[in-house]
There are 2 protein chains.
Amino acid sequence: MTKAELIEEVSTKTELKRRDVSDIVDSVLECVKGALQKGDKVQLIPFGSFEVRKRKAREGRNPKTGEKLMISARTVPAFHPGKDLRDAVQKPVKKK
Amino acid sequence: MTKAELIEEVSTKTELKRRDVSDIVDSVLECVKGALQKGDKVQLIPFGSFEVRKRKAREGRNPKTGEKLMISARTVPAFHPGKDLRDAVQKPVKKK
DNA sequence: GACGGATGACCAAGGCTGAGCTGATAGAGG
DNA sequence: CCTCTATCAGCTCAGCCTTGGTCATCCGTC
């Protein structure tokens, strides 16, 4: 599902202009990005939370050449799913 | 940052009603959840992608008692950050 | 606006899985 | 049309993930 399809679906659901939906979705992503830049956590309860994770430096490896290389410590964006999402994606094999 | 603050900020940016923003954000999350339930991937380029990840069954451990326990295989929601996000959360040490 | 219900964070310790390294290409999205 | 992402290889270690109770907080209702 692409952003266009998502916007299509949302505009249908909410009966709002696709332009507005697109605008809002874009702004939401901008805001989340901004918050993460500031190191803030974004909580979309009960959907999940966006947060930044510190990654320590480690020894990686070039999968093509097999050469060892140093991966510097970095900050990566992470998403922690909420209960709603975790439950939703579970296969209906086991119904709780 | 909570959902309310996010909506506040987005409504300010887009100059749209807070009610509409809230409605749309909610619908977006619903759509993403639905797509993930179907096993689809949701691409919010260049922000990132939501996808489901298969987790193999493994032997866990009760951190309280130390007892071993079997963790059944499961499907978990995951978020893969896009280039924009990955770059954004990096410390401004290196400005591109 | 205030309260209640619900959800998330937190913590313990330890083991193993999965992410992620490069980079070129192909395909698709904006 | 340009940019972005997925994909793939093999290998390694670090981060995560488990339970469960409690506390804070967030959302929604009244």
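Every chain is numbered from 1 and lettered A, B, ... according to where its sequence line falls, protein lines coming before strand lines.
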At a heavy-atom distance below 4.0 Å, what parts of residues 58-66 of chain B sit against DNA chain D? R58(B), R61(B), N62(B), P63(B), K64(B)
Look only at the side chain of R86(A) and the backbone of P81(A), and say whether a donor-acceptor pair between them is shorter than 3.5 Å. yes
Under a 4.5 Å cut-off applied to non-hydrogen side-chain atoms, are K33(A) and L29(A) in contact? no
Sub-4.5 Å side-chain heavy-atom contact between K3(A) and Q43(B): no
Counting C-beta onward and ignoring hydrogens, is there a side-chain heavy-atom pair between V10(B) and V25(B) closer than 4.5 Å? no
Residues from residues 39-50 of chain A lying under 4.0 Å of DNA chain D - heavy atoms: Q43(A), I45(A)
Please state whether the rings of F79(B) and F50(B) are parallel, tilted or perpendicular, taking 30° and 60° as the class boundaries. tilted
Note: E59(A)-R61(A) ion pair, threshold 4.0 Å (strictly below): no
Euclidean distance, atom CE of residue M70(B) to atom C1' of dT17(C) [Å, nearest integer]: 13 Å
Answer yes or no: is there a side-chain heavy-atom contact under 4.5 Å between I45(A) and T2(B)? no
If you pin A78(B) and K68(B) to their nearest nucleotides in DNA chain C, which one's is more 5'? K68(B)
Nearest heavy atom decides the nucleotide; on that basis, is R53(B) or E5(A) closer to the 5' end of DNA chain C? R53(B)
Positional range of nucleotides in DNA chain D within the contact set of chain B, heavy-atom, under 4.0 Å: dC4(D) to dC27(D)
Atom NZ of K83(A) and atom P of dG5(C): how far apart are they, to the nearest Å? 15 Å
For atom CZ of R55(B) and atom P of dC16(C), their distance in whole Å: 16 Å
Would you mind reading off the distance between H80(B) atom NE2 and dG18(C) atom P, rounded to a whole angstrom? 16 Å
Got a second to check how far C31(A)'s SG is from D40(A)'s CG, nearest 0.5 Å? 12.0 Å
OP1, OP2 of dT17(C) versus side-chain N and O of K56(B): anything below 4.0 Å? no
Interatomic distance, R74(A) CZ vs dG20(C) C1' [rounded to whole Å]: 9 Å
Hey, are the side chains of E9(B) and M1(B) touching, using non-hydrogen atoms and a 4.5 Å cut-off? yes
Indicate yes or no: at least one non-hydrogen side-chain atom of R74(A) is less than 4.5 angstrom from one of V76(A). yes
Side chain proximity check, V28(B) to V28(A), heavy atoms < 4.5 angstrom: no
